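Take a look at the structure set out below.
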Amino acid sequence: MTRVSTGSTGEVAAGTAGQSAAGQAAAGQGMAADAAGRVYTAHSRPLWRRVLLTREASIIGLLLAVLAVATLTVPNFDSPLTTTFLLREITPILLVALPMTLVIITEEIDLSVASVIGLSSVVVGLCVQAGWPFPSAMALAVAVGAVAGAVNGALVTFVGLPSLAVTIGTLALFRGIAVGLLGTTAISDLPEFWTGLTRQNIPGTPVPLVMILFVVLALACAVVLHFTPVGRSLYAIGLNKEAAAFSGIDVGLTKFWLFVTSGAVSGFAGVYFTLLYSNARGDNAIGMELQVIAAVLLGGVSIFGGRGALHGVIAGVLLIGVLGSALRLSGVTSDLITIVTGLLLIASVTSARALTWLHQRRARPGRR
Amino acid sequence: MQPDTPSAPPALELAGVAKSFGSVVALKSADLRVEKGSIHALIGENGAGKSTLVKIVAGLYRRDDGTLALDGEPVDFHTTAESKAAGIAVIYQEPTLFPDLSVTENIFMGRQPTRRFGRIDRRAMREEACALFDRLGVRIDPDRPTDGLSIADQQIIEIAKAISLDARVLIMDEPTAALSGVEVDRLFAVARALRDEGRALVFISHRFDEIFDLCDTVTVMRDGAYVDTLPVADTTVDGLVRMMVGRDVAELFPKLPAEIGDDVLVVDGLSQPGVFHDVSFTVRAGEIVGLAGLVGAGRSEVARAVFGVDPYASGSVRVDGEPLPPGSPRAAIGRGLALVPEDRRKQGLVLDQTVARNVTLAIRERLSRWGLVWDGLENAAARTWASRLEVKTAALDAETGTLSGGNQQKVVLGKWLASDPKVLIVDEPTRGIDVGTKAEVHRLLSRLAQQGVAVLMISSELPEVLGMADRVLVMREGRLTGELDRADATPEAVMHAATAEEALR
């Protein structure tokens, strides 16, 4: 963050017109020469505005506010057990939200994630039933998830179909295969060591062990998205595919691997889901794709691609989880919780629109 | 030419019009007086305030100060609808038509003639459309969808629409930027016909030859203010340029002598059915090769295929003697190719991203350390190029879309110069940018060639090609039809190669 201070935005912007004459006079002496008095500040707004006036900051603020109010007013909300159950329950959503963020930033969507969770659950169940060692069963489930993702990715990138249509199709397809393989029965005879593992906490804390894995994955995703050339290409693809292609980015291949990642992570989430509830069923996690997408959008990712950050998404998932948990503890029925979550999402998207509009009204000419 | 006596009120008159956006003053004091039955050129550098002025007249912006009068009557527009109703029509560079609707439907959109029970009277509509085209002396099928029509035809449809609304003042904002020579001639014929009907036309262009060819009067603007209005007959290109930039522009096309080295880019027998055929050429180190031809001759398509954005069916591309794999811009960049594309807004830039991200997008991998990139690295690289090219921006994190056209073009140039190319392909590098920036771009290209870069320059502006190129290639209908040395490249020779076959028919 190198910041050279040469006055505020206003001065620089207003100076632009006046400087043109001087700038052009300098240009006359040859533009390859290192210029001519103009100093470029890295940022047009002060640090606090860049950090605090963002979607992500407002979601994190809202999360903290809800946490504070719930801790003060909701009985038992601050108990360790509440924390443990809350985190266990939202872990699949947290996991799947990571690749979903990357997918949505490239202006695509993956609606098949919950069906892949169901498929992976059935694969794990059947393998265990067939006497496979659990790690192999888990590996196969993740691989099946990756293949499912590759199917989505191939249809979207190589055939060129819209991901919305493709993944609505595979949402039904993968769920159908899952239910077809296992019927309406469930396999609940899973190895106790592994089911027990999902219920263990980090010693001395109310935080489930699986959160370590999540934090590692989340850090990896955050680094890729925000600090690597690949991350830069994802945003470029989401904002302008054509310009991305002209800049040497392989748009198709990038998207293909994102869908594969999304499938593989969903496959893993399916294994976790199965172990957590000791239940391998074809209809596990039905409808979870919408919860995931709702949380990602709440976290400030634009459905039109190119905008969003990972910390916002994690705060978004936590906000939905915390709000649901607090309301449940206060005796609010689940249908009401759903209504509240829905309203929250609409409010957040609306406020984002309003903010953008205000911002543009100030920065750009007042369009009538 | 002057049917009205000087005492008649002008069709459009602006006096002391000012407009600010926050702290940025877009117009300080704009004056414009357009007489009936005349074609009035409005010129100025990018950012001189021409577009703001047009948008105020069109009712898109409201002025802060000054007066606006039509036929001597003061008016005040709150919406574009009010401006249209008052008889003002604006034809933009890129027409905005409904692609799936027919030509006729587009002309009468929103005000279709109706019969009883509100049914649309298709026959009356079609007849009127035909009558309009007859009057304009053009042949466009009124029943075809507008999708697939050339930009020139789409502009004609916009003009037909304006006439059917009985517009008294037509403003054309750089209408010729995307047109070929023949299309420009037709547009000018239409414009003259409208002038002779007593309408007032405002013509905005960066091309002086067109201004001298078409216009009666010219108003020059600089830095948001009125400079002067004078009859075109009483002025010269040099005079106008001096007024626009407020100084003498020493040389418009400063071609510097460069030492020409070995073959760098060798294209051999490149073909893509229906697009281009058997295109072979060489660009040497230190050489600027101009690629001329009419719009639609396949020049940009060849450039895109060479760079790997588009596929080709047969032929080969070699860089420094080694074959370049087809279809991979990434490989091309790796081998030292750079392409400044034709459409900077769609292909060259991610407008919603910052200047720094745009400058570093193509070098994101080279820039990274241990596989990581961060703002500091990007800003450092972007700062270098922004200052070398003198990009006018408030800060490196300004959204690129908020910059003016010329500065956006500088960002695209900076993006590709940052990749330190061996072969630089520039496609219409000065389209829609003002004369001062244009000279800077030319000086820059010339200097790059001196440093040993092989430059392939596609341009529809003949003076630019002839002024800059060591060698001129000419394309016509997807084929190379001429190769001329600098000494032999006269406007006549190039135009002959670009159009010969048409002339033979």
Side-chain angles (χ1 to χ4, degrees), chain A residues 1-2 4 9-21 23-28 30-36 38-45 50 223 226-233 235-236 238-240 242-250 306-307 362-368, chain B residues 21-26 47 59-62 78-79 223-224 245-247 250 309 329-330 332-333 339 341 346-353 356-357 361-362 364-365 368 371-376 379-380 382-383 386-390 392-398 402 415 436 440 443-444 447:
Chain A
M1 297 279 155
T2 41
V4 185
T9 328
E11 285 168 15
V12 178
T16 321
Q19 275 171 17
S20 67
Q24 272 152 7
M31 57 198 303
D34 245 316
R38 177 175 281 276
V39 180
Y40 292 90
T41 52
H43 306 287
S44 50
R45 297 177 302 158
R50 274 179 286 125
V223 168
H226 298 298
F227 297 101
T228 65
V230 174
R232 295 295 191 259
S233 11
Y235 284 101
L239 290 169
N240 186 345
E242 208 177 346
F246 271 86
S247 305
I249 295 166
D250 195 329
R307 281 172 220 281
R362 248 188 334 186
R364 286 183 199 164
R367 286 256 156 132
R368 310 190 41 83
Chain B
F21 302 112
S23 61
V24 181
V25 181
L60 214 55
Y61 297 160
R62 292 202 65 190
H78 295 82
T79 62
D223 295 338
V245 299
R247 65 186 159 86
V309 179
R330 196 190 164 90
I333 293 168
L339 171 63
K346 282 190 191 143
Q347 302 165 339
L349 293 169
V350 183
L351 290 176
D352 293 319
Q353 275 192 330
R357 291 275 168 98
L361 187 58
R364 61 197 183 284
E365 274 157 16
S368 66
L372 302 179
V373 289
W374 55 94
D375 286 351
N379 287 338
R383 189 171 283 125
S387 55
R388 281 198 198 162
L389 301 180
E390 306 204 346
K392 284 170 205 156
T393 176
L396 296 174
D397 72 348
T402 63
K415 165 181 171 178
E440 282 179 53
R443 195 172 288 117
L444 178 74
R447 194 166 290 253

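Here the structure is a predicted model, which means the values were calculated and not measured. First the proteins, then the strands, lettered A, B, ... as listed; each starts at 1.
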Side chain to side chain, B:P341 and A:E242, heavy atoms closer than 4.5 Å
no
Check B:P329 against A:A245 and note the closest heavy-atom contact, atom names and distance.
CG-O, 3.5 Å
Residues A:P229 and B:V373: closest non-hydrogen pair is N-CG2, 4.0 Å
Sub-3.5 Å donor-acceptor pair from the side chain of A:N240 to the main-chain atoms of B:K346, do we have one?
yes
Atom group of B:V309 that falls short of 4.5 Å from chain A, counting heavy atoms:
side chain
Could you grab the distance from atom CZ of A:F246 to atom CD1 of B:I333, nearest 0.5 Å is fine?
11.0 Å
Side-chain contact test, heavy atoms from C-beta onward, threshold under 4.5 Å: evaluate it for A:V223 versus B:L372 and give yes or no.
yes
Restricting to non-hydrogen atoms, name the atom on B:L361 and the atom on A:R232 that form the minimum distance, rounded to 0.1 Å.
CD1-O, 4.3 Å
Looking only at heavy atoms, what is the nearest atom pair of A:S247 and B:K415, with distance?
OG-NZ, 2.7 Å
In terms of heavy-atom contacts, B:R364 and A:I249 come closest through NH2-CG1, 3.1 Å
Max heavy-atom pair count under 4.5 Å with chain A, selected residue of B:R330, B:R357, B:Q353:
B:R357
